[in-house]
Amino acid sequence: MHTLKSDIKKIGRLQKRPNFLRVAKEGKKWTSKSLILQAAPNNLGQARFGLTVTKKISKSAVVRNRIRRRLRAAAFEILPGAAKPGYDYVLIGRHETEKKDYTDLTKDLRWCLKRLELLTE
RNA sequence: AGACAAGGCCGGAUAGCUGCUGCAUCCUUAUAAAGGAUGGAGAGGAAAGUCCGGGCUUUACGGGAACACGGCGCCGGAUAACGUCCGGACAGGCUUAAACCUGAUGGAAAGUGCCACAGAAAACAGACUACCUCUAUUGAGGAAAAGGUGAAAAGGUGCGGUAAGAGCGCACCGCAUCGAUGGUAACAUUGAUGGCAUGGCAAACCCCGCCGGAAGCAAGACCAAAUAGGGGCUGCGUGCUGUAUAGCAGGAGCGUUCCCGCUCUGAGCAGUCCGGGUAGGUUGCUCGAGCCGUUUGGUAACAGACGGCCUAGAUGAAUAGCUAUCCCUCUCUUAUGAGGGGACAGAACCCGGCUUACAGGCUUUGUUUCGGA
RNA sequence: GCGGGUGUAGUUCAAUGGUAGAACGUCAGCCUUCCAAGCUGAAUAUGCCGGUUCGAUCCCGGUCACCCGCU
């Protein structure tokens with residue numbers, strides 16, 4: 001399955017540090033093997049997401065970039081159809097994110113959504 | 001053909017579906033803004049480390065110089081500049097040998113300082129053992145060759161010479177001074193003279209010569225909400241009198257204090273304007289010491305001429321996800337084939353270098369060995 | 001991205017270019033019926049690679065790791 005471009009436009013991006021801090025402080029969290037998902041409600045009626053990959057994961061910029069791209073690709077594919085609107089989502093990369101199969105990555109993301117009871121389908 | 005050495009270049013390829021970030025053109029509603037369509041572009045040789053040098057920007061000073069501080073240091077050239085590059089000199093090193101490699105390589109005869117331990121002595125000299133002469137216990141004188149210490153011991157080897165010895169004399173080598181020849185120069189070769197003076201360390205202080213003001217795009221410039229605060233104007237208003245100007249009362253300051261005089265203030269509210277400026281946004285931001293090709297000059301670094309080209313510009317930060325075929329490589333298998341892997345590494349204002357990391361491949365040059373004609 | 005700093009025993013710190021020390025900690029022994037305290041002794045280090053020097057913790061390059069500041 002491929003996500004339509006119009007669906008992707010429906011979800012926004014988190015870009016400012018205060019938003020990330022708010023999600024980390026107020027939101028719920030679920031950890032899977034390949035990623036950590038944080039979620040907190042916003043009052044916009046729209047889903048937004050952001051990515052966090054720190055230098056702690058890997059010192060190599062190449063590795064960090066690959067993790068970030070894989071997470072973004074998975075988010076664009078899964079979130080528009082599956083995530084509940086009105087929430088901010090933050091995906092945090094882990095060591096496993098680089099090596100794991102892409103299909104497992106999407107499964108993990110769905111699993112995290114389900115455990116946080118934010119899956120809509 | 002082999003061995004060795006030194007450079008230069010490349011840094012997986014193609015296609016499909018779905019996406020991301022700028023740019024150009026067009027369309028839609030209503031200029032803004034948003035959305036859509038089409039086209040074309042989208043990481044490196046080191047983008048890295050931030051070790052040097054510049055451009056650019058702000059800042060300091062009226063302008064300049066010097067001191068201090070920091071850096072560099074054989075000679076000649078290249079360059080916008082450099083601690084970089086090219087060519088040469090000298091010293092050291094690898095190799096049987098050669099090609100070749102490495103070098104922060106000015107001055108110790110301007111001055112100061114240091115040279116542990118050992119050793120007689122570590123730098124104005126001088127003498128422990130030992131040597132020679134006289135005296136003959138001892139002491140006085142001569143002399144510095146031999147022993148031993150040390151990283152380093154006041155020229156080295158040989159012959160003559162002598163009581164023993166010594167540059168005391170001679171030859172060669174080294175060193176110093178003055179020349180000659182070659183070279184732009186560093187320097188090399190060589191002649192004469194001197195007769196040993198000048199131990200090492202300047203990546204110790206320092207002297208000499210040259211260079212440098214400082215900070216850095218988070219520099220800097222522009223636009224500019226909300227809130228708080230500053231200033232101007234207008235209106236209403238003031239403890240008392242007055243319609244109002246104003247006067248009196250009050251407060252503050254000055255005249256040394258009181259009296260008295262002068263100046264300022266007087267209570268705020270509303271409206272409006274101005275300036276600074278935070279969040280945020282725009283810009284700086286990619287046409288430049290630019291790249292490619294041909295050609296001329298030069299041993300070369302490089303420079304000139306002609307022709308062609310436009311080649312990332314993000315900002316919680318794009319350049320991707322998945323699949324297939326080919327290429328390289330590893331493992332298993334008799335083979336067909338199956339499976340795994342793809343070096344180092346990600347632009348952030350831009351250039352010139354240096355250093356460090358790097359799977360594999362292509363290619364050029366030099367030296368030398370072997371074979372054939 | 002830019003600017004600055006630091007690396008020495010297990011820890012906190014010393015050390016004019018000349019045998020790397022101190023305190024606490026660890027281990028062993030003595031003392032004690034046993035433990036603690038005390039006494040005696042031992043082990044344990046200059047981040048790494050080069051250069052200058054007769055000789056580097058120290059001086060000079062490179063490299064690695066860590067820390068701090070600037071929105």
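Quick note on labels: first sequence line is chain A, next is B, and so on, each numbered from 1.
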Exercise. For B:U334, which nucleotide in any strand shown is its Watson-Crick or wobble partner with both distances under 3.5 Å?
Worked result: none
Exercise. Looking only at N and O atoms, is any donor in the side chain of A:R72 or the base of B:G316 less than 3.5 Å from an acceptor on the other one?
Worked result: no
Problem set entry | Closest listed nucleotide, where the reference is the side chain of A:V62 and the choices are B:A345, B:U319, B:G321 | B:A345
Exercise. If the C1' atom of B:A109 is compared with that of B:C75, how far apart are they to the nearest Å?
Worked result: 24 Å
Exercise. Do A:L91 and A:L109 touch side chain to side chain, with heavy atoms closer than 4.5 Å?
Worked result: yes
Problem set entry | Syn/anti state of B:U29 by chi, 90° boundary around 0 | anti
Exercise. What integer distance in Å separates A:L71:CG from B:A317:P?
Worked result: 12 Å
Exercise. Any side-chain heavy-atom pair from A:Q38 and A:T52 closer than 4.5 angstrom?
Worked result: no
For this session: Could you check how far CG of A:N65 sits from C1' of B:A47, rounded to whole Å?
Result: 12 Å
Exercise. Distance between the C1' atoms of B:C56 and B:C327, in whole angstroms?
Worked result: 47 Å
Problem set entry | A:A75 backbone acceptor or donor facing A:Y89 side chain under 3.5 Å | no
Problem set entry | Assigned partner base of C:A37, Watson-Crick or wobble definition, under 3.5 Å | none
Problem set entry | Between B:G321 (P) and A:K107 (NZ): distance, integer Å | 20 Å
Exercise. In terms of base orientation, is B:U323 syn or anti, with the syn window spanning 90° either side of 0?
Worked result: anti
Exercise. Should B:A305 be called syn or anti, with syn set as within 90° of 0?
Worked result: anti
Exercise. Should B:C322 form a Watson-Crick or G-U wobble pair with both distances under 3.5 Å, which nucleotide is its partner?
Worked result: B:G16
For this session: Report, as yes or no, whether the 6.0 Å neighbourhood of atom NZ on A:K29 holds more than 12 heavy atoms from other residues, nucleotides or ligands.
Result: no
Exercise. Could you give the CG-to-C1' distance, from A:L91 to B:G316, as a whole number of Å?
Worked result: 14 Å
Problem set entry | Main-chain N/O of A:T31 paired to A:R115 side chain as donor or acceptor, under 3.5 Å | no
Exercise. Between B:G346, B:C322, B:A318, which nucleotide has the shortest distance from any of its atoms to the side chain of A:R70?
Worked result: B:C322
Exercise. C1' atom, B:G22 versus B:U319: distance in rounded Å?
Worked result: 11 Å
For this session: Starting at atom OH of A:Y102, determine the distance to atom C1' of B:A320, rounded to an integer number of angstrom.
Result: 10 Å
Exercise. How long is the line joining CD1 of A:I67 and P of B:G321, in whole Å?
Worked result: 12 Å
Exercise. Between atom CG in A:L51 and atom C1' in B:A317, what is the gap in whole Å?
Worked result: 11 Å
Problem set entry | Side chain of A:R68 (C-beta onward), nearest among B:G316, B:A345, B:A318 | B:A318
For this session: Using the C1' atoms only, state how far B:U102 lies from B:A204, rounded to an integer number of Å.
Result: 26 Å
For this session: Could you check which nucleotide pairs with B:U21 in any of the strands shown, counting Watson-Crick or G-U wobble with both distances under 3.5 Å?
Result: B:A41
Exercise. Mind checking who B:A188 pairs with, Watson-Crick or G-U wobble, both distances under 3.5 Å?
Worked result: B:U181
For this session: Return the minimal non-hydrogen interatomic distance between A:V53 and A:I67, and the atom names on each side.
Result: CG2-CG2, 3.9 Å
Exercise. B:A226 pairs with which nucleotide, Watson-Crick or G-U wobble, both distances below 3.5 Å?
Worked result: none
For this session: Can you tell me, in whole Å, how much space there is between the P of C:G61 and that of C:A42?
Result: 41 Å
Exercise. Under a 3.5 Å cut-off for both distances, is B:C172 Watson-Crick or wobble paired, and to whom?
Worked result: B:G156
Exercise. Taking the same atom, C1', in B:A221 and in B:G293, what whole-Å distance lies between them?
Worked result: 42 Å
For this session: Tell me whether B:G167 sits syn or anti, counting syn as a glycosidic angle within 90° of 0.
Result: syn
Seminar exercise, completed: Ranking A:A61 and A:V53 by the position along RNA chain B of their nearest nucleotide, the one closer to 5' is A:V53
For this session: Please determine, for C:A65, whether a Watson-Crick or G-U wobble partner exists with both distances under 3.5 Å, and give it or none.
Result: C:U6
For this session: Write down the distance separating the P atoms in C:G21 and C:A45, rounded off to the nearest Å.
Result: 13 Å
Exercise. How close do A:K28 and A:L116 get, heavy atom to heavy atom, and via which atoms?
Worked result: NZ-O, 3.4 Å
Exercise. For B:G22, is chi within 90° of 0 (syn) or not (anti)?
Worked result: syn
Problem set entry | Whole-angstrom distance between B:C291 and B:U311, as gauged at atom P | 16 Å
For this session: Mind calculating the distance between CZ (A:R69) and C1' (B:G316) to the nearest angstrom?
Result: 15 Å
Exercise. Quick one: CZ on A:R72 to CG on A:N65, what's the gap to the nearest 0.5 Å?
Worked result: 9.0 Å
